[in-house]
Amino acid sequence: MDIRLTRYIWTHTRKQQMWILMIVAISMIPYFLSFDLPKQIVNGPIQGKGFEQPGATQRFFDVSFSLPWIGDVTLFDGLDLTRMETLYALSVIFLLLVIVNGLFKLYINTYKGRLGERLLRRIRFELVDRILRFPPTQFKRMKGAEVSSMVKDEVEPLGGFTGDAFVSPALLGGQALTALAFIFMQNMWLGFIAAFMVGIQATIIPRMRRRLLVLGRERQITARELAGRVSEIVDGIGTIHAYDTSNYERADVAARLGRIYKIRYDLYQWKFMVKFINNFLAQLTPFLFYCIGGYLALRGQLDIGQLVAVISAYKDLPGPLKELIDWDQLRQDVQVKYVQVVEQFTVDSLIDPKIQAVSTIGAAGAAGAAGAVAVGAGMAAAGMGRSSADNGEPCKKTGSLAASGLTLADDSGARLLEHVSVEIKPGEKVAIIGGAASGGDVLAEAFGRLIWPEGGKITLGGEDLLHMPESVVGRSITYASSDTFFFYGSLRDNLLYGLKHAPLAAATYEGSLAAHRKWEVTEAKLAGNPDYDVNGDWIDYVAAGATHAEDLFPSILAVLDTVQLSKDILDLALRTNIDPADRPEFAASIVEMRQALREELEEAGLNGLIAYFEPGEYNMEATVGENLLFGTATAPSVAGRAIAKNPYFRKVVSETGIDSVLFDMGYQIAENAVELFADLPPDHPFFQQLTFMTADDIPAYQLLLQKYAGKGLETASEDDRYQIIRLSFNYVEPRHRFGLLTDDLMAQIVEVRRQFHANMPEDLTHDIERYDPEKYLASASLMDNVLFGRISHKHTDGSKRIRAIVSSLLNSQGLIEQVLDIGLDFNLGAGGKRLTAVQRQKLNLARAIIRRSDYYVFNRPLPSLDHRLQDEIVRDVMKLLTRNGANPAVIWVLSNNGLTKLFERVLVFDRGALVEDDTHANLFNNDGVFKQLVTS
């Protein structure tokens, strides 16, 4: 990137700048005419110059001029107008000039804004492009929040300045010079006064504003550091809580905010001081005009029309002049910001853009090269694809993966691996073991290009790995480690992320969307951005063992089963809510499955395992509140405790008299809870069994019990009624066992439920979804829809047994794939943190093995799993990778040294050196490092 911002702007917007400068030059003509017109109006029709005789007329709009060798040329003879008609005509012309000048400003400012946003888009893309080309060590020395802050906020002013870089000085300078020239034309002395004051402003103000630039630079740096510190707090929140350092962090943030406040306060003080002086100088000139101009007018050396025109012209002079001074400050400010950003993004050893050029050819290797070439050719015809392999060669590279005299060091210069030479042949299965900091893991990182050689080199098929296109290396070598990161989005998107190399099929657009897409492509090209369609199909199905989206799921299912993640995804799906309108057939199948579940439980003798929701019966396993509503609240106004404040609900319970019953019931629940738990410590596990009260609520309910002892509902205040009645809403007899539910009370609750739904207002029917055995409940989870009831508390392992039965039923009903498909839509959250550490590691491994490569490098990908699970998954992964006749090379840095027997060859590292290299059997028979590691 060019170090000079104006040169960078001119390089990328030369044609547009020349066009708008030409428009600015043309706009000066009506701008000058608007100055002269007030003088003509005042001196002519208003003061009567040229209309001294009654009925006198003046020629208006006479368009004639003289040309050399031709003589006088008349285009229009004009019109003879009276004094009043001339006044109206000149006023209309003045109005037209105002409109024309306004339209010029509108066009110029709109064009400037569009030009600025386009270059801002170019700069931001170029910075992100550089981030993608940074060497791996650079990311260890930078904070992500600071970099993102620079891309998002610090380059923002550059876009605004782009349109002003050349246009503003031309436009504002042209307007100021036009006004100044007009003043000189009216009176030389007034012109000298105006020029003198303009000179003072142009000299003093920019010098005073240099201090503002220094303060602005300090503000920018401290704000960037604050963003980085806040990001560290978010990333390290677990450490902060673990070591009780939250107050230290508060002190650090407060100190940083104090420094920012001091800088901004100084900035404001200096800024408004400069503004005061500038405004004073701007208002001093009219004072001189009125004094000196008035004196000249009184002496007859200046007519009134000229004085009015001069004052009118000067009113348009300070504005452009002030904006011109502001432009100069902005120019210096954005130049400083631009230099800072460029310096931050200028690093040594940037990856060559050619290495990361997109390629749609050979996405699936030699076997799928023909199909991939056909797809690439189709996209090229559609104007979508850009290929760096136009010779038709597949993007895979065959040959050995070898390290020759490899030396690796960290960013501090400490040697991690020294002079290691090793060759991995195609199809070899190699295990790497070693103690802590032995060097095997960094060799795997070097194979994955996460660390670059300090000495020696790594080759693939005889070519240096770092000089090969990523479209080749990134598809020939798959790397996975224990360091997991997932992008915000669904589990499916992250699982298939490694297959998104290039846009293989264009998205289909119609109508206005097609026009918008065409506009997007045009703007992307003008801004120097690639015009790839992110909404197109980027997934390389052939690389995943499929041909299109419809047959991709078997590959996904095989991978999930291999890493033992299917059960986790099934659980996620069963806890998910879906809209039955999106999957009507599936929702209908789930409703039908309710009967199949009942039959299954009857055959297993487990009829009492689920208490089903029946319209005319009380569900013992559900809360009193659930039995009253007999549905799920879909709006916050009626959800949870809010239902007790709903006017219609309160009306129903009051008319039926059940509010008094619920009050007495809540009072008894409070009595029992206080008696049983008042003397227990707040962290006692018994409190986990209370769904209606916490340890902090005990003192408040002790006071309520004393207050309403022997009293009823009528004596209680509104808030106290609510606090007591809500206890009964969450009561479940089989769980809490206070013996408060009688048959009569349950029958009364069912009757209140009937009345509640019978006369429910229409607006409330949309907020409560009633339980219906024949309908799918959109507001309930998938598991709740299958059960359509509550699991009995009589069975301690009821939840586990139900999940096993439901999973078996889903499989037998042919719904398991659809349920897993729903689970794949689960949003992982920021960085995949909604998954457990074990789930993240399994998903990370699944993301690697779903794509077909020649070499798989696994760098201790499953350290959180116990040895038994690691053994099972490693065996299954090896089987999966070698199915259908495939024979890729596998390099696995093991956490469990006992798994070396699964591999053909074992590399043993110790203290940064390769000390042993042989088969498992041969190494075990030798009394070397390998035997010590395996037997220890």
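All of these numbers come straight from a predicted model, not from anything done at the bench.
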* Asked: Any side-chain donor-acceptor pair under 3.5 Å between Tyr509 and Asp533?
  -> yes
ask   = Is the closest side-chain donor-acceptor distance between Asn896 and Gln870 under 3.5 Å?
value = no
Does the ring center of Phe756 lie less than 6.0 Å from the ring center of Phe649? yes
_Are more than 12 heavy atoms, taken from residues, nucleotides or ligands other than Lys775, located less than 6.0 Å from that residue's NZ atom?_
no
- State whether the side chain of His757 and the backbone N or O of Leu629 hold a donor-acceptor pair below 3.5 Å, judged by distance alone. yes
Between the CG atom in Asp825 and the CG atom in Leu572, the distance rounded to the nearest 0.5 Å is 11.5 Å
message: Under 4.0 Å between a side-chain nitrogen and a carboxylate oxygen: does that hold for Arg803 and Asp571?
response: yes
Taking Pro863's backbone N and O only, do any of them form a donor-acceptor pair with Ser482's side chain (distance below 3.5 Å, no angle check)?
no
Item to complete: Check the surroundings of atom NZ in Lys901: do more than 12 heavy atoms from other residues, nucleotides or ligands lie under 6.0 Å from it?
Response: yes
Exercise. Would you check if the side chain of Arg475 reaches a backbone N or O of Ser471 as a donor-acceptor pair within less than 3.5 Å?
Key: yes
Heavy-atom closest pair (Phe485 atom, Gly831 atom, distance to 0.1 Å) is CE1-CA, 4.0 Å
Closest non-hydrogen contact found for Thr900 with Ala431 is CG2-CB, 4.3 Å
Only residue of Arg840, Gln839, Gln841 satisfying side chain to side chain donor-acceptor pair (under 3.5 Å) with Ser864 is Gln841
Shortest non-hydrogen pair, Pro861 vs Val893, comes out as CD-O, 4.4 Å
Closest non-hydrogen atoms of Asn627 and Glu617, given as atom of the first, atom of the second and distance, are OD1-O, 4.4 Å
Would you indicate whether Arg883, at its atom CZ, is surrounded by more than 12 heavy atoms from other residues, nucleotides or ligands within a distance under 6.0 Å?
yes
Backbone N or O of Val877 within a donor-acceptor pair of the Thr562 side chain at under 3.5 Å?
no
Do we see a donor-acceptor contact under 3.5 Å between the side chains of Asn730 and Thr623?
no
One should read off an interatomic distance between Ile802 CD1 and Leu574 CG, to the nearest 0.5 angstrom, of 11.5 Å
Under a 3.5 Å distance rule, please check whether Asp441 uses its side chain to pair with a backbone N or O of Asn859 as donor and acceptor. no
_Between Arg598 and Asn607, do the side chains contain a donor N or O and an acceptor N or O under 3.5 Å apart?_
no
Partner of Arg790 under salt bridge (Lys or Arg N to Asp or Glu O under 4.0 Å), picked from Glu621, Glu626, Glu733, is Glu626
Backbone of Ser781 reached by a side-chain donor or acceptor of Arg575 within 3.5 Å
no
Scanning both residues in full, the closest heavy-atom pair of Ser792 with Gly608 reads CB-O, 3.2 Å
Counting C-beta onward and ignoring hydrogens, is there a side-chain heavy-atom pair between Ile539 and Leu504 closer than 4.5 Å? no
Exercise. Got a donor-acceptor contact below 3.5 angstrom from the Asn811 side chain to the Ser808 backbone?
Worked result: no
Discussion item. Tell me if a side-chain donor or acceptor on Tyr497 pairs with a main-chain N or O of Phe487 at a distance below 3.5 Å.
Written reply: no
Run Asp568 and Lys842 through side chain to side chain contact (heavy atoms under 4.5 Å, CB included) and show every step you take.
CA-CA 10 Å; Asp568 299 274; Lys842 288 181 177 180; 4.0 Å; yes
* Go through the steps to decide whether Val624 and Tyr618 satisfy the test side chain to side chain contact (heavy atoms under 4.5 Å, CB included), and finish with yes or no. => CA-CA 9 Å; Val624 171; Tyr618 187 95; 3.4 Å; yes
TODO: Using atom types as modelled and distance alone, determine if a side-chain donor or acceptor of Tyr855 lies under 3.5 Å from a backbone N or O of Leu401.
DONE: yes
Output for pair (Leu809 CG, Leu597 CG), nearest 0.5 Å, gives 6.0 Å
Rounding to 0.5 Å, atoms CZ (Phe447) and CD1 (Ile432) come to a distance of 6.5 Å
Separation between CG (Leu782) and CD1 (Ile590), nearest 0.5 Å, reads 5.0 Å
Pairing donors with acceptors under 3.5 angstrom, does anything connect the side chains of Asn887 and Lys429? yes
So CD of Glu602 and CG of Leu609: to nearest 0.5 Å the spacing works out to 12.5 Å
Counting N and O atoms only, with roles assigned by atom type, does the side chain of Gln564 sit under 3.5 Å from a partner on the main chain of Glu872, one being a donor and the other an acceptor? no
